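These numbers were taken from a predicted model, which means no experiment stands behind them. Each residue takes its place number in the sequence, starting with 1.
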Amino acid sequence: GMHGGVRGRRLVTASYSIVQERYHENFVIYDKDLCKHWKNGFFCDKIDRKSVLWTHTSQTVIGKREREKVEFMSLAVVTLKKGEGRFLKSGGLWVYDNEIASIMGSFVNGDIVLVRDFDGYPMGRGFINTNSKITVRMLTRDERTEISPEFLKQRVRDAWEYRKKVVDTGSCRVIFGEADFLPGLVVDKFSDVLVVQSLALGIDRLKETILDALKEVLAEDGIRIRGVYERSDAKVRRQEGMELTKGFIGEEFPTLVQIEENGVKYEVDIRDGQKTGFFLDQKYNRLAIQKLCKGAKVLDCFTHTGSFALNAGIAGAKEVTGVDASELAVHQAQENAKLNGLDKTVKFICEDVFELLPKLEEEGEKYDVVILDPPAFTKSRSSVKNAVKGYREINLRGMKLVKDGGFLATCSCSHFMEYELFTKTIGQAARSAHKRLRQVEYRTQAPDHPILWSSDESYYLKFYIFQVCDEK
């Protein structure tokens, strides 16, 4: 149709056509220019229509299925307050409860909803849960995309194709929640077993569909999955108003699974191990310490199931001591050492690291390499101050145990302990210990845990290697 432009403050009339025969009367089909004016607020009187779709007026919209139309009309609409949706607009996938102006239409928690800006501008589709501070998690930024099994399979396929390019896929994280545009879902592949963790109500409903799609996609590459185990026993599920749950999805199978990473073999306990049983995010950081450990005396603190210690061992360390406060972890670590024929050089002890390090210092112990891989001392913004004290303390103690010219590998896996704060904390520890640090490298999590920019919670692992020198 013909339409004029904008001159001064005066709006020249523009024609828009309603395509009666193909659409519900509430669909208005605008052309692109008109849409621009509409976005600028000139057409606010038109926006009380239920749904606005636009396309070139010249194109007639044919072949949209009736079902989709009905489905689209029946979705509840979440409208943001004016000026809100900052996370969403900068590329995040979350809408918080205090950003929402209204929710129109009927829904139950876990349903797919449409998200609109204050002026009706479409922001996409996500799933809703009013029990959670994060009320909507987005699945697509295109409002017209239906969340179908085909859509989910494409998401899964994209995730797998990416893994094949960037990591050794023998064992890897196949789906990393928001960073793979499947919010709240984590899937780890340990050899031929999948371990799944679902942390949001909406994704929980789609879980089976996604896992079926994943099995099909893997089968295309000749990978047969022997079994699936669910580890949705993380406390954050309570914030979503969900029960904690764990167990088999489908057939039962033995829950000790053998994997190999960087040439080291492990038995992974997917039922009772921490999180999903093994921390895949450190894969290449473990590899990075190997070259420093040849012929070295190594101390690995918070060893969990022995991963850093065994990487040191396999690289030819002279003697390695791994420390963990968990009896179960130490037992598993000892089994893993035997599995690799390293039980002569790699020893494990069950101790509290905070108590052990001062004792070793008193005894005058010194190491060529000290590794600190502590659990997240902080799970929230409010406890960051105490966490800083914890990180400062172990880094201070750790540095004092390193020989002059030896190496310290130190990391933080807490998303709240941000890069700058972690870096500053290590600097403070070095000054207190009267040590000079020379940075060898800075690393983050392995690329199967991609960091999605503007989705900050996807960047959590900070890993430094330093050479520790006495004041010269």
Side-chain angles (χ1 to χ4, degrees), residues 75-118 121-143 145 147 152 155 173 175-187 196-207 210 231-245 275 376 378-384 413-418 449-460:
L75 295 178
V77 176
V78 172
T79 302
L80 302 176
K81 293 176 187 167
K82 188 165 182 169
E84 292 292 350
R86 284 189 305 277
F87 301 97
L88 201 52
K89 289 167 189 170
S90 67
L93 286 90
W94 293 353
V95 178
Y96 289 93
D97 54 2
N98 60 2
E99 298 185 290
I100 294 172
S102 69
I103 304 174
M104 299 285 289
S106 60
F107 67 94
V108 297
N109 281 329
D111 277 0
I112 304 288
V113 295
L114 302 175
V115 179
R116 303 266 168 86
D117 208 352
F118 72 99
Y121 189 77
M123 307 292 287
R125 293 187 186 199
F127 49 78
I128 190 167
N129 185 358
T130 52
N131 294 323
S132 173
K133 261 196 162 58
I134 304 166
T135 306
V136 184
R137 296 171 190 247
M138 302 304 283
L139 281 164
T140 173
R141 296 304 288 271
D142 179 358
E143 166 166 288
T145 301
I147 309 304
L152 294 169
R155 282 275 192 267
R173 177 152 295 184
I175 294 173
F176 184 42
E178 277 70 359
D180 282 301
F181 309 105
L182 290 168
L185 187 74
V186 168
V187 181
V196 56
Q197 191 175 49
S198 126
L199 304 171
L201 186 60
I203 211 78
D204 210 55
R205 282 211 212 155
L206 304 172
K207 178 175 69 187
I210 293 169
R231 283 296 302 269
S232 300
D233 50 355
K235 289 196 184 70
V236 289
R237 267 175 76 103
R238 293 219 175 93
Q239 297 169 7
E240 291 273 313
M242 297 158 78
E243 295 294 301
L244 272 50
T245 169
K275 298 271 177 68
T378 173
K379 290 273 201 297
S380 71
R381 288 244 178 272
S382 52
S383 60
V384 167
C413 60
S414 166
H415 146 64
F416 296 103
M417 187 77 185
E418 284 158 346
H449 299 60
I451 296 170
L452 179 66
W453 278 34
S454 75
S455 176
D456 293 341
E457 63 291 336
S458 68
Y459 179 13
Y460 64 96

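Note that CG of Leu244 and CZ of Arg231 are 10.5 Å apart. Values are rounded to the nearest 0.5 Å. To the nearest 0.5 angstrom, Phe118 atom CZ is 11.5 Å from Glu84 atom CD. Here the CZ-NE2 distance, from Arg173 to His449, works out to 3.5 Å after rounding to the nearest 0.5 Å. Distance check, rounded to the nearest 0.5 Å: CD1 of Ile451 to CD of Glu457 gives 11.5 Å.
Arg237 places no side-chain N or O within donor-acceptor distance of the main-chain N or O of Met242, the cut-off being under 3.5 Å. Between the Thr140 side chain and the Asp142 main chain, a donor and an acceptor come within less than 3.5 Å of each other. Distance alone, capped at 3.5 Å, places no donor-acceptor pair between the Lys275 side chain and the Ala234 backbone. Within the 3.5 Å criterion, the main-chain N or O of Ala179 finds no donor-acceptor partner in the side chain of Ser455. A distance-only check finds a donor-acceptor pair linking the side chain of Arg125 to the backbone of Thr145 [under 3.5 Å]. Counting only distance, with no hydrogens or angles, the side chain of Arg116 and the backbone of Thr79 share no donor-acceptor pair below 3.5 Å. Proximity of a side-chain donor or acceptor of Arg141 to a complementary backbone N or O of Leu88 within less than 3.5 Å is detected.
The side-chain heavy atoms of Phe176 and Leu452, taken from C-beta on, include no pair separated by under 4.5 Å. Annotation: side chain of Leu206 is in contact with side chain of Leu139 (closest heavy-atom distance under 4.5 Å). Contact annotation: the side chain of Pro183 approaches that of Phe127 to within less than 4.5 Å [non-hydrogen atoms, C-beta and beyond]. Side-chain contact between Asp180 and Arg155 is absent, with no heavy atoms from C-beta onward closer than 4.5 Å. A heavy-atom distance below 4.5 Å is not found between the side chains of Glu243 and Ser232. Ile103 has its side chain within reach of Ile128: a pair of non-hydrogen atoms, C-beta onward, lies under 4.5 Å apart. Looking at Ile134 and Asn129, their side chains never come closer than 4.5 Å, going by heavy atoms from C-beta outward. Side-chain contact between Ser132 and Gln239 is absent, with no heavy atoms from C-beta onward closer than 4.5 Å.
The side chain to side chain contact (heavy atoms under 4.5 Å, CB included) test with Val113 singles out one residue from Val95, Val77, Val78, Leu75, and that residue is Val78.
More than 12 heavy atoms of other residues, nucleotides or ligands lie within 6.0 Å of NZ in Lys89, so this atom counts as buried by the packing criterion. When the shell of 6.0 Å around NZ of Lys133 is examined, it contains 12 or fewer heavy atoms from other residues, nucleotides or ligands.
A pairwise comparison of heavy atoms in Glu143 and Leu114 identifies CG-CD2, 3.9 Å as the closest pair. Minimum heavy-atom separation, Ala76 to Ser106: CB-O, 3.9 Å. Ala376 and Cys413 get closest at one heavy-atom pair: N-SG, 3.6 Å. Between Pro450 and Ser458, the closest heavy-atom pair is O-CB, 3.9 Å. In terms of heavy atoms, Val108 sits closest to Arg205 at CG2-NH2, 3.3 Å.
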Q. Taking it one step at a time, do Glu178 and Arg137 satisfy salt bridge (charged side-chain N to carboxylate O under 4.0 Å, His left out)?
A. CA-CA 9 Å; Glu178 277 70 359; Arg137 296 171 190 247; 3.1 Å; yes
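The closest side-chain donor-acceptor pair between Thr130 and Asn109 falls under 3.5 angstrom.
Applying the ring pair (Phe, Tyr, Trp, His ring centres under 6.0 Å) test to every pair with at least one member in residues 90-113, sequence neighbours left out, gives these pairs: Phe87-Tyr96.
Checked for salt-bridge contact, Glu240 and Arg238 miss the test: no charged N lies under 4.0 Å from a carboxylate O.
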